[in-house]
Asker: 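For reference, the structure I am asking about is given below.
Numbering of ligands and ligand atoms starts at 1, following listing order. Heavy atoms only: backbone and side chains are in, while hydrogens, waters and symmetry mates are out. Quick caveat, the model's predicted, so the values are computed rather than measured. If you read the sequence from its start, that first residue is 1, and numbering goes on from there.
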Amino acid sequence: MSHPRPSPAVEGVKPYSVTPPPGVIDLKLDGNEGVAPPGGLLAELSALGPDVLRRYPDARPLEHLLARRLGVRPEQVLVTAGADEALDRACRAFLTPGRELIAPSPSFEMIPRYVRLAGGELIAVPWPRGDYPVGEVLSRITPRTAVIAVVTPNNPTGAVASAEHLRTLSDAAPKALLLVDLAYTEFADEDLTATALALPNAVAVRTLSKAYGLAGLRVGYVAGPEAVIGWMRAAGGPYSVSRPSLALAAMRLEAGDADVRAFVSRVREERARLHSQLAELGAEPIASQANFVLARFRDAAWVRDALGSLGIAVRCFPAQPGLENCLRITCPGDAAACERLLSALQHVLQCKAVCVDLDRVPVRPDAAHALAKRCRLAGCSSDPEVRERLGGVAEAFEAIAVAGPGGLRTALADAARGPTWLVSADADTLRLARSVGAVPVGLTTADATPEELHEAGAARVLTDLMQLEELLP
Ligand SMILES: Cc1ncc(COP(=O)(O)O)c(C=O)c1O
């Protein structure tokens with residue numbers, strides 16, 4: 001069968017997608033989103049009447065409002081469908097085959113895609129952490145350099161560039177566009193928007209997706225020299241942001257920033273706690289000025305899966321060079337959710353006890369004794385004769401709770417007083433584990449298929465109890 005052929009720029013590019021972790025997620029900390037905006041916002045939208053749906057959008061009122069806030073002329077502001085569209089338009093407006101964009105690596109993963117789609121070439125400069133690599137970027141500037149992208153705070157590391165770095169780059173490449181992505185600037189020690197706007201060749205890209213908690217609206221904006229904004233305006237469609245989104249964004253901004261400031265300061269506190277907790281638990285966190293912390297783990301895939309089994313989604317980057325075994329964890333911006341995250345990390349990374357569902361998991365003496373050397377081994381069962389049934393293996397268990405019918409929850413809660421993992425071949429017991437904060441680990445038996453156990457939210461499904469040894473801290 002013949003197919004239409006895509007352009008070389010698209011061929012081989014996979015659509016953006018993030019594999020969700022296992023488990024039923026009810027705390028999403030993988031997208032760097034903010035907390036929900038005030039509930040009244042939606043009610044205000046319905047008061048606008050059906051014309052908000054009938055008419056093509058007009059972004060000018062929002063561009064005027066943003067221009068007033070930024071102290072620039074309205075012609076210097078373009079509202080875009082998220083910061084994403086601003087980055088895409090910058091690439092379309094300034095790149096073509098033979099032109100280059102210099103960007104840090106690792107950085108926001110959409111930038112290399114937009115460069116490629118525009119036919120340009122990406123020059124990646126390593127910036128794993130710490131100071132912005134200004135010297136290395138300067139050394140890569142050539143007559144082909146059309147754009148220098150500075151993402152500050154950088155995603156996924158949270159590292160920042162300084163005002164001096166922006167001025168140096170602007171001076172060194174006056175004919176290139178300095179694309180300053182400030183998606184997380186509200187969380188940083190210094191907001192570089194004014195610095196960028198004072199430069200003749202820079203644009204500042206901002207978004208309402210993060211600190212303002214409006215990622216679902218898809219509203220971002222870019223501000224800079226009028227001519228540059230004019231070219232970016234030309235490099236895309238006229239109605240990329242819907243009328244309801246424009247209206248809601250304006251209402252959100254007009255309501256004032258007091259709640260945003262309170263949210264930002266909560267996030268900054270959480271960030272410090274998360275950083276020190278991760279370090280204490282043996283991970284290697286990177287100093288961040290954004291609303292997330294990136295850390296390297298011994299086995300990031302396991303940590304991601306185990307957090308997923310407790311309902312918490314975090315972001316991993318399995319295919320990105322330099323980010324092997326790294327996880328990016330968004331600060332929740334909510335006291336209860338933050339406590340839950342810190343406790344879950346402790347359960348996963350500092351497992352003190354493995355509790356085995358002795359009614360369903362067969363335990364060989366070698367496995368029991370090997371595990372007992374690594375952590376406290378506990379068991380739970382509904383069989384009063386369990387010790388006799390286990391014979392010599394029972395000695396490896398520090399405690400065996402015998403729960404009457406319906407008493408398993410109490411037995412588990414007892415075992416899970418410290419950081420605990422629970423091993424069972426029963427879907428309901430695995431669900432129960434999560435409800436008491438213990439990491440559920442499935443074990444396949446003749447009665448339990450891996451699919452059932454995954455479905456019940458198991459962090460991992462093992463075929464042999466000994467496989468726990470590799471996962472234990
Ligand atoms: C650095 C950076 N820039 C831009 C964006 C895009 O944000 P938006 O939701 O406004 O499109 C993101 C989103 O994660 C980001 O991390």
Asker: Closer than 4.0 angstrom, basic N to acidic O: yes or no for R99 and E121?
Answerer: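 No.
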Asker: So is there a nitrogen or oxygen of A81 less than 3.5 Å from a nitrogen or oxygen in ligand 1?
Answerer: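 No, there is no polar N/O contact under 3.5 Å.
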Asker: Any idea which atoms of ligand 1 are less than 4.0 Å away from a heavy-atom of R218?
Answerer: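 The atoms of ligand 1 under 4.0 Å from a heavy atom of R218 are 8 (P), 9 (O), 11 (O).
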Asker: Once you restrict to heavy atoms under 4.0 Å, what part of M110 touches ligand 1? Side chain, backbone, both or neither.
Answerer: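 Contact part for M110 vs ligand 1: neither.
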Asker: Could I get the full list of side chain to side chain contact (heavy atoms under 4.5 Å, CB included) partners for A86, not counting sequence neighbours?
Answerer: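 A86: side chain to side chain contact (heavy atoms under 4.5 Å, CB included) contacts with T80, V205, V222.
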Asker: Closer than 4.0 angstrom, basic N to acidic O: yes or no for R340 and D334?
Answerer: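 Result for this pair is no, no salt bridge flagged.
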Asker: Fit a plane to each ring of Y132 and H165, take the angle between them on a 0 to 90° scale, and name the class: parallel (under 30°), tilted (30 to 60°) or perpendicular (over 60°).
Answerer: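 Geometry flag for H165 against Y132: tilted rings.
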Asker: Provide the number and element of each atom of ligand 1 under 4.0 Å from a heavy atom of G82.
Answerer: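 Here the atoms of ligand 1 in question are 8 (P), 10 (O), 11 (O).
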Asker: Assess whether a salt bridge exists between E226 and R233, defined as any Lys/Arg side-chain N lying under 4.0 Å from an Asp/Glu carboxylate O.
Answerer: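 No, E226 and R233 are not salt-bridged.
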Asker: Counting only heavy atoms, tell me which of P153, G31, A83 gets closest to atom 8 (P) of ligand 1.
Answerer: A83
Asker: Under 4.0 Å, heavy atoms only, figure out whether ligand 1 is touched by the backbone of E85, its side chain, both or neither.
Answerer: neither
Asker: Could you check atom 2 (C) of ligand 1 against the protein and tell me its nearest heavy-atom contact, residue, atom and distance included?
Answerer: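 Residue, atom and distance for the closest contact: D181 OD2, 3.4 Å.
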Asker: Would you kindly specify which portion of S209 sits under 4.0 Å from ligand 1, judged on non-hydrogen atoms: side chain, backbone, both or neither?
Answerer: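 It is the side chain that gets close, since no backbone atom is under 4.0 Å.
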Asker: Would you mind telling me if ligand 1 is within reach of the side chain of V151, the backbone, both or neither, using heavy atoms under 4.0 Å?
Answerer: side chain
Asker: Which heavy atom of the protein is the closest neighbour of atom 13 (C) of ligand 1, given with residue, atom name and distance?
Answerer: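 Ranking protein heavy atoms by distance from atom 13 (C) of ligand 1, first comes K210 NZ, 3.2 Å.
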Asker: Go through R92 and D88 one step at a time and tell me if the salt bridge (charged side-chain N to carboxylate O under 4.0 Å, His left out) criterion holds.
Answerer: CA-CA 6 Å; R92 279 192 266 164; D88 185 21; 3.1 Å; yes
Asker: Kindly write out the residues that satisfy side chain to side chain contact (heavy atoms under 4.5 Å, CB included) with P61, not counting sequence neighbours, or none if the list is empty.
Answerer: D58
